[in-house]
Amino acid sequence: MIKILRYLDRKDITYMLITCVLILAQVGLSLQMPGYMSTITQLIKTPGSTMSQILQQGLYMLLCALGTLLISVINGFCTAYVSSHFSMTLRKEIFHKVMTFSSEEIKKFQTSSLITRTTNDVNQMEMMTSLGLIIIIQSPVMAVWAILKILDKSSELSLLTFGCVVVLLVIVSTIFLIVIPRFAKVQKLIDKVNGVTRENLTGIRVIRAFNAETYQEDRFNAVNEELTKTQLFNQRVMALMSPSINFVMHFLQIGIYFLGAILIEAANVTDRLTLFSNIVVFSSYGMQVISSFLMIAMIFMFIPRAKISADRINEVLDEPIDVLNGEISSSGTVTHDLVFDHVSFHYPDSDENVLQDISFSAKQGQTIAIIGSTGSGKSTLLNLIVRFYDVTEGKILLDGINIRDYTLNALHNKVGYVSQKAFMFNGTVAYNVAFGEKEGMSPSLDEICNALDIAQASEFVAEMEDGVNSHIARGGTNVSGGQKQRLSIARAIARKPEIYLFDDSFSALDYKTDSLLRTKLKETAQDSIVLIVAQRIGTILHADQIVVLDEGKCVGIGTHRELLENCKVYQEIAYSQLSKEELENA
């Protein structure tokens, strides 16, 4: 847990030091008041005492109380700043770290867990910082200071107080030994609830289409009930703490007066006033000792969860990155060739290669198509270019430079990537098309409209109520699959990339739109490299080169006609989609 404090900056630490000094002053002022009360008690019982002397001691008590109030307000401001700024820093650090994760790290933590760690776990740390900064310092100092002040007053009363403190420690320790292991379980169960809820919201259409509402409700109820039962157990055990401490507190107060009465009765007349005064002081200090342990017990309610949350946050922040930044921020030239040099790849949790010894090259102005059966590694091949994963063997070269040597920012500036599953962000059409920056610049409105025109999206966008300023829901749920795909293609075109990567991006388009889009794209991308992953033969007929994959291996490279003559896998795919006459006339 201490490790996470490295994210406190100098200003946070300054405020914390100020708070520590003020807390010591506050404790000193609080512990002075019983002394003044003892003096007032003696003055009342002492013949010849004047009202001015009593009022003077009362004034001192009032000033101590006002000083304590003022310090509490200042400490409140300081702790509020430290806790809120600390939580902001943690959220920012987690977000930035997650943005550097490869797909493998995302899969390792799971999306639902990363969301919980960024929200719930950070909130636990904020609450711990806000409440704990004062209590963790104030309570032990006040308890020790108060005990030191009463040790020389009465050995009998000191022993009674010590016994009550031991009982408190036993109660608190027992409770925490029971509940601490279950706090870790609670955070994992919150991850599960978050995961099931997120899955339910994302797949709501499929759930309704298959009448699976009851099944999903049962899944949610199972994890929700398990979380509820665990929380109930924890809260019920923790609920024993407050009445137990109150019982010990009242027992100590009664015990002080009961034992004090016995001591006063057995004392000499001349000593009774001093003894009575000591009992008044003892009562006040005893309550402060117990109150301090009560506050310590309260903060211990947060420490176990905060520790678990801190460990979970540190797991994310300390996770080593597989895909590391290179040092080349720019090649200085437009990309003229892309080369796969004996590339093999397998996922980190598997020993079997998804791609095996892939070699081909693409020149500026060329269109390279990649085709193959489902699971042959087509999408994986494109993912390696943008470094969602790094190759296991071999290398990928841009202008003779290994892509690992480029910074990720420089590499991604060269690429216009259209994923297999188009994703739209919550915002306008223009926002989605102009999404992201290339070398610090965003597309202009004219460039956005031009990209929409090339992607064959300008017609349906013009029919929308506000045109390019029309709202697009998160995930593109208010547009059709084909419209979403065209907007995704327009987003890549607007970047004017040096390399276009289309991962089965034309599958949702009809043949006419597909043909028009590719014709316009060829004119626009004549100085770029275009890689197209496709299932339809019609989409790749006129590619300069077609790479045929089968079970992760390259079984053919060439033009449509060349492969139709000498590649059996390509022939099987082609004849399953088009007739012999259509293929010959293509």
Side-chain angles (χ1 to χ4, degrees), residues 98-111 321-326 335 338-362 367-398 401-423 435-436 485 488-489 491-492 495 497-508 528-535 539-540 546-554:
V98 171
M99 291 297 288
T100 66
F101 280 176
S102 67
S103 301
E104 181 60 27
E105 279 101 33
I106 296 290
K107 186 170 66 174
K108 175 182 176 180
F109 285 103
Q110 298 185 344
T111 305
I321 303 299
D322 288 337
V323 178
L324 299 174
N325 247 328
T335 302
L338 169 69
V339 177
F340 273 66
D341 184 9
H342 299 286
V343 169
S344 297
F345 172 75
H346 64 77
Y347 289 102
D349 55 354
S350 172
D351 294 328
E352 185 177 348
N353 280 339
V354 179
L355 294 172
Q356 179 68 43
D357 197 28
I358 305 296
S359 295
F360 69 88
S361 62
T367 297
I368 307 298
I370 302 163
I371 196 168
S373 58
T374 302
S376 59
K378 304 184 298 296
S379 297
T380 303
L381 190 146
L382 293 193
N383 290 340
L384 294 178
I385 298 174
V386 287
R387 294 191 69 197
F388 292 158
Y389 297 95
D390 273 335
V391 300
T392 307
E393 297 177 23
K395 53 189 173 182
I396 303 173
L397 306 174
L398 286 181
I401 301 173
N402 194 323
I403 61 171
R404 288 187 174 188
D405 295 332
Y406 287 98
T407 64
L408 290 172
N409 188 53
L411 177 64
H412 294 159
N413 274 337
K414 291 177 174 288
V415 175
Y417 176 72
V418 184
S419 61
Q420 191 170 10
K421 184 179 179 182
F423 186 84
F435 186 79
Q485 198 70 273
S488 183
I489 293 170
R491 179 162 60 204
R495 287 176 64 82
E498 298 166 26
I499 304 172
Y500 286 90
L501 303 178
F502 296 102
D503 187 2
D504 201 14
S505 309
F506 303 98
S507 58
S528 302
I529 297 171
V530 180
L531 271 73
I532 300 175
V533 166
Q535 298 282 1
T539 302
I540 63 170
I546 300 172
V547 178
V548 185
L549 298 181
D550 184 42
E551 296 183 355
K553 298 178 181 178
C554 179

Decide yes or no for [X] and [Y]: does some side-chain heavy atom of the first lie under 4.5 Å from some side-chain heavy atom of the second?
X: Phe109; Y: Val98; answer: no
X: Leu411; Y: Leu398; answer: yes
X: Asp390; Y: Asp322; answer: no
X: Leu338; Y: Leu531; answer: yes
X: Phe360; Y: Leu381; answer: yes
X: Val415; Y: Arg495; answer: no
X: Leu397; Y: Asn402; answer: yes
X: Arg404; Y: Val391; answer: yes

(message) Tell me every residue that passes ring pair (Phe, Tyr, Trp, His ring centres under 6.0 Å) with Tyr417, counting only those two or more places apart in sequence or in another chain.
(response)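 Partners of Tyr417 under the ring pair (Phe, Tyr, Trp, His ring centres under 6.0 Å) test: Phe388.
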Looking only at heavy atoms, what is the nearest atom pair of [X] and [Y], with distance?
X: Gly416; Y: Pro497; value: N-CB, 3.2 Å
X: Ser376; Y: Glu551; value: CB-N, 3.9 Å
X: Val418; Y: Ala492; value: CG2-CB, 3.5 Å

(message) Checking Phe340 against Ile385 for the side-chain contact (heavy atoms from CB on, under 4.5 Å) test, could you report, in this order, the C-alpha distance in whole Å, the side-chain angles of both residues, the deciding distance, and whether it holds?
(response) CA-CA 9 Å; Phe340 273 66; Ile385 298 174; 3.6 Å; yes
(request) Take Glu105 and Ser102 through the side-chain hydrogen bond (donor to acceptor under 3.5 Å, both in side chains) test and state the conclusion after the steps. (result) CA-CA 5 Å; Glu105 279 101 33; Ser102 67; 2.8 Å; yes
(request) Determine, stepwise, if the pair Phe502 / Val533 fulfils side-chain contact (heavy atoms from CB on, under 4.5 Å). (result) CA-CA 6 Å; Phe502 296 102; Val533 166; over 6 Å; no
(request) Report the residues that fulfil side-chain contact (heavy atoms from CB on, under 4.5 Å) with Lys108, sequence neighbours left out, ordered by chain and then residue number. (result)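 If we apply the side-chain contact (heavy atoms from CB on, under 4.5 Å) test to Lys108, skipping adjacent residues, the hits are Glu319.
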(message) So, using side-chain contact (heavy atoms from CB on, under 4.5 Å) as the criterion, who are the partners of Gln535 when residues are at least two apart?
(response)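 With sequence neighbours excluded, Gln535 shows a side-chain contact (heavy atoms from CB on, under 4.5 Å) to Thr374, Lys378, Asp504, given in chain and number order.
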Hey, does the side chain of [X] reach the backbone of [Y] with a donor-acceptor pair shorter than 3.5 angstrom?
X: Ser344; Y: Glu393; result: no
X: His342; Y: Ser359; result: no
X: Ser488; Y: Ala422; result: no

(message) Show, in sequence, the C-alpha distance, side-chain angles and deciding distance for Tyr389 and Thr380, and conclude whether the side-chain hydrogen bond (donor to acceptor under 3.5 Å, both in side chains) test is met.
(response) CA-CA 9 Å; Tyr389 297 95; Thr380 303; over 6 Å; no
(request) Evaluate side-chain contact (heavy atoms from CB on, under 4.5 Å) for Arg387 paired with Tyr406, printing each intermediate quantity in order. (result) CA-CA 11 Å; Arg387 294 191 69 197; Tyr406 287 98; over 6 Å; no
(request) Could you walk me through whether Leu408 and Thr100 pass side-chain contact (heavy atoms from CB on, under 4.5 Å), step by step? (result) CA-CA 9 Å; Leu408 290 172; Thr100 66; over 6 Å; no
(message) Under the side chain to side chain contact (heavy atoms under 4.5 Å, CB included) test against Leu501, which residue among Val386, Ile529, Ile532, Asn383 passes?
(response)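 The option that passes is Val386.
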(request) Would you indicate whether Lys107, at its atom NZ, is surrounded by more than 12 heavy atoms from other residues, nucleotides or ligands within a distance under 6.0 Å? (result)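 Yes, NZ of Lys107 has more than 12 neighbouring heavy atoms, counting only those of other groups under 6.0 Å.
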(request) Hey, could you give me the NZ/CG distance between Lys553 and Leu355, rounded to the nearest 0.5 Å? (result)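 It is 12.0 Å, given to the nearest 0.5 Å.
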(request) Evaluate the ring planes of Tyr347 and Phe345, with Trp represented by its six-membered ring, and classify them as parallel (under 30°), tilted (30 to 60°) or perpendicular (over 60°). (result)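 Because their plane-to-plane angle is over 60°, the rings of Tyr347 and Phe345 count as perpendicular.
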